[in-house]
Amino acid sequence: MTPRAPRIAIYPGSFDPVTVGHEDIARRSLRLADEVIVAVAHTSTQSKRPIFEVGERLELLREVFADEPRIRCVSFRGLLVDFALGCGAAMIVRGLRAVSDFEYEFQMAQMNRELMEPLETVFLTPDLGYSFLSASLVREVAALGGDVSAFVPPPVLAPLLERTRPGSAPVE
Ligand code: ADP
């Protein structure tokens, strides 16, 4: 019997910064795929003011998943479907927190199917405790001095506090 090719999943996002919700989804994806590529988009479709540069986000992601050889963290430019095809990926993974995520995610999934038929989008729900969590909310709470230690993986906490300290310059 010829061995089957490894099943690769792409988990794309802005990860500014990676939260425990993102981490949960990436690790759950390993139940569906042999290898998961966490892919930081250089150009986000949702315009947000970033607090970490793409390279910094990537460094943090690599620290968070340093224990897991089946998770690789990279960044990409351009169309996600082109990048996914180049990686030999069979699926795109997205997290669904609540109904509010659905409309945007459904639209994206349908568009990506139009662009690249064989690529499937798979939606995973996080642990219930993370279903309220978003990177933007974490950024906001941190900037207002709230305790975000339960919402980000340990390597992210100090850089996040440093970056959101009053008076620290935002990245362009
Ligand atoms: P955010 O929405 O937190 O700003 P991204 O744009 O980086 O983050 O999102 C990347 C993917 O991760 C999206 O599919 C998003 O729905 C998902 N995601 C983000 N936070 C969570 C969470 N707490 N639980 C499950 N999925 C999540």
Side-chain angles (χ1 to χ4, degrees), residues 6-41 44-52 54 56-76 80 84 89-113 119-164:
R7 194 185 299 275
I8 298 171
I10 302 262
Y11 177 36
S14 34
F15 305 106
D16 185 31
V18 54
T19 68
V20 287
H22 295 133
E23 182 182 2
D24 184 59
I25 295 291
R27 292 189 191 273
R28 280 177 197 281
S29 306
L30 289 172
R31 295 178 179 168
L32 305 177
D34 302 306
E35 190 188 330
V36 173
I37 300 176
V38 179
V40 184
S44 171
T45 45
Q46 289 161 310
S47 64
K48 304 178 229 178
R49 210 184 152 85
I51 59 164
F52 289 109
V54 170
E56 295 173 310
R57 294 181 224 164
L58 207 47
E59 253 175 62
L60 292 174
L61 281 162
R62 287 180 177 149
E63 274 189 68
V64 171
F65 296 115
D67 64 315
E68 182 45 79
R70 292 198 293 141
I71 296 182
R72 210 150 47 89
C73 306
V74 301
S75 65
F76 73 100
L80 172 63
M91 63 186 118
I92 297 171
V93 171
R94 297 287 289 174
L96 268 192
R97 287 162 286 199
V99 183
S100 50
D101 278 343
F102 181 78
E103 200 168 326
Y104 174 73
E105 292 295 340
F106 184 73
Q107 233 183 339
M108 282 272 289
Q110 293 299 341
M111 176 55 86
N112 284 336
R113 175 172 287 162
L119 198 60
E120 292 295 346
T121 300
V122 175
F123 295 107
L124 295 180
T125 52
D127 185 280
L128 195 58
Y130 304 147
S131 56
F132 65 94
L133 202 56
S134 73
S136 46
L137 201 52
V138 167
R139 292 199 299 269
E140 225 171 289
V141 172
L144 295 171
D147 180 5
V148 290
S149 55
F151 309 139
V152 293
V156 178
L157 190 60
L160 177 61
L161 296 183
E162 168 70 21
R163 193 52 60 86
T164 50

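- Across every non-hydrogen atom of Ala26 and Val38, the tightest pair is CB-CG2, 4.2 Å.
- Here the closest heavy-atom approach between residue Pro126 and residue Ser131 is recorded as CG-CA, 4.2 Å.
- Crowding of Leu144 atom CG: a count of heavy atoms from other residues, nucleotides or ligands under 6.0 Å exceeding 12.
- Partners of Glu105 by salt bridge (Lys or Arg N to Asp or Glu O under 4.0 Å), not counting sequence neighbours, listed by chain and number: Arg94.
- Qualifying side-chain contact (heavy atoms from CB on, under 4.5 Å) partners for Ser134, counting only residues two or more places apart in sequence or in other chains: Arg97, Ser136, Leu137.
- For Phe123, there are no ring pair (Phe, Tyr, Trp, His ring centres under 6.0 Å) partners two or more places apart in sequence or in a different chain.
- Side-chain atoms of Arg57 and Leu60, non-hydrogen and from C-beta on, never get closer than 4.5 Å to each other.
- Within the 4.5 Å cutoff, the side chain of Arg139 has heavy atoms near those of the Pro17 side chain.
- Atom OG1 of Thr125 and atom CD1 of Ile25 lie 6.5 Å apart (nearest 0.5 Å).
- The structure places CG of Leu133 at 11.0 Å from CG of Asp127, a figure rounded to the nearest 0.5 Å.
- Residues Val152 and Val18 have side chains not in contact (no heavy-atom distance under 4.5 Å, counting atoms from C-beta outward).
- Between Phe52 and Leu160 the shortest side-chain heavy-atom distance falls below 4.5 Å.
- Looking at every heavy atom in both residues, Glu63 comes nearest to Pro155 through OE1-CB, 3.4 Å.
- Evaluation of the side-chain hydrogen bond (donor to acceptor under 3.5 Å, both in side chains) rule for Thr19 yields His22 as partners, not counting sequence neighbours.
- For Glu140, there are no salt bridge (Lys or Arg N to Asp or Glu O under 4.0 Å) partners two or more places apart in sequence or in a different chain.
- Residues passing the salt bridge (Lys or Arg N to Asp or Glu O under 4.0 Å) test with Asp67 are Arg27, sequence neighbours excluded.
- Rounding to the nearest 0.5 Å places CG of Leu30 at 4.5 Å from CD1 of Ile71.
- Ring planes of Phe106 and Phe102: parallel class, angle under 30° (limits at 30 and 60°).
- Among residues two or more places apart in sequence or in another chain, the ring pair (Phe, Tyr, Trp, His ring centres under 6.0 Å) test is passed with Phe76 by Phe83.
- Using a 4.5 Å heavy-atom cutoff, the side chains of Pro153 and Val20 are in contact.
- Residues Arg72 and Arg62 are not in side-chain contact: their nearest non-hydrogen atoms beyond the backbone lie 4.5 Å or more apart.
- Taken from CG in Leu80 to CD1 in Ile92, the straight-line distance is 4.0 Å, to the nearest 0.5 Å.
- Scored by the side-chain contact (heavy atoms from CB on, under 4.5 Å) test, Arg7 finds Arg4, Asp34, Ala90, Met91 as partners (sequence neighbours excluded).
- For residues 135-160, the ring pair (Phe, Tyr, Trp, His ring centres under 6.0 Å) pairs, not counting sequence neighbours, are Phe132-Phe151.
- Smallest separation of non-hydrogen atoms from Val36 and Ser29: CG2-CB, 3.6 Å.
- Looking at residues two or more places apart in sequence or on another chain, you find no side-chain hydrogen bond (donor to acceptor under 3.5 Å, both in side chains) involving Glu68.
- Residues passing the side-chain contact (heavy atoms from CB on, under 4.5 Å) test with Ala84, sequence neighbours excluded: Ile10, Ala89, Leu119.
- Annotation: salt bridge (Lys or Arg N to Asp or Glu O under 4.0 Å) contacts of Glu103 (sequence neighbours excluded): none.
- Scanning both residues, Tyr11 and Gly95, for their nearest heavy atoms gives CE1-N, 4.4 Å.
- In this structure, CD on Glu56 lies 9.0 Å from CG on Asp16, to the nearest 0.5 angstrom.
- To the nearest 0.5 Å, the span separating CE on Met108 from CG on Asp101 amounts to 11.5 Å.
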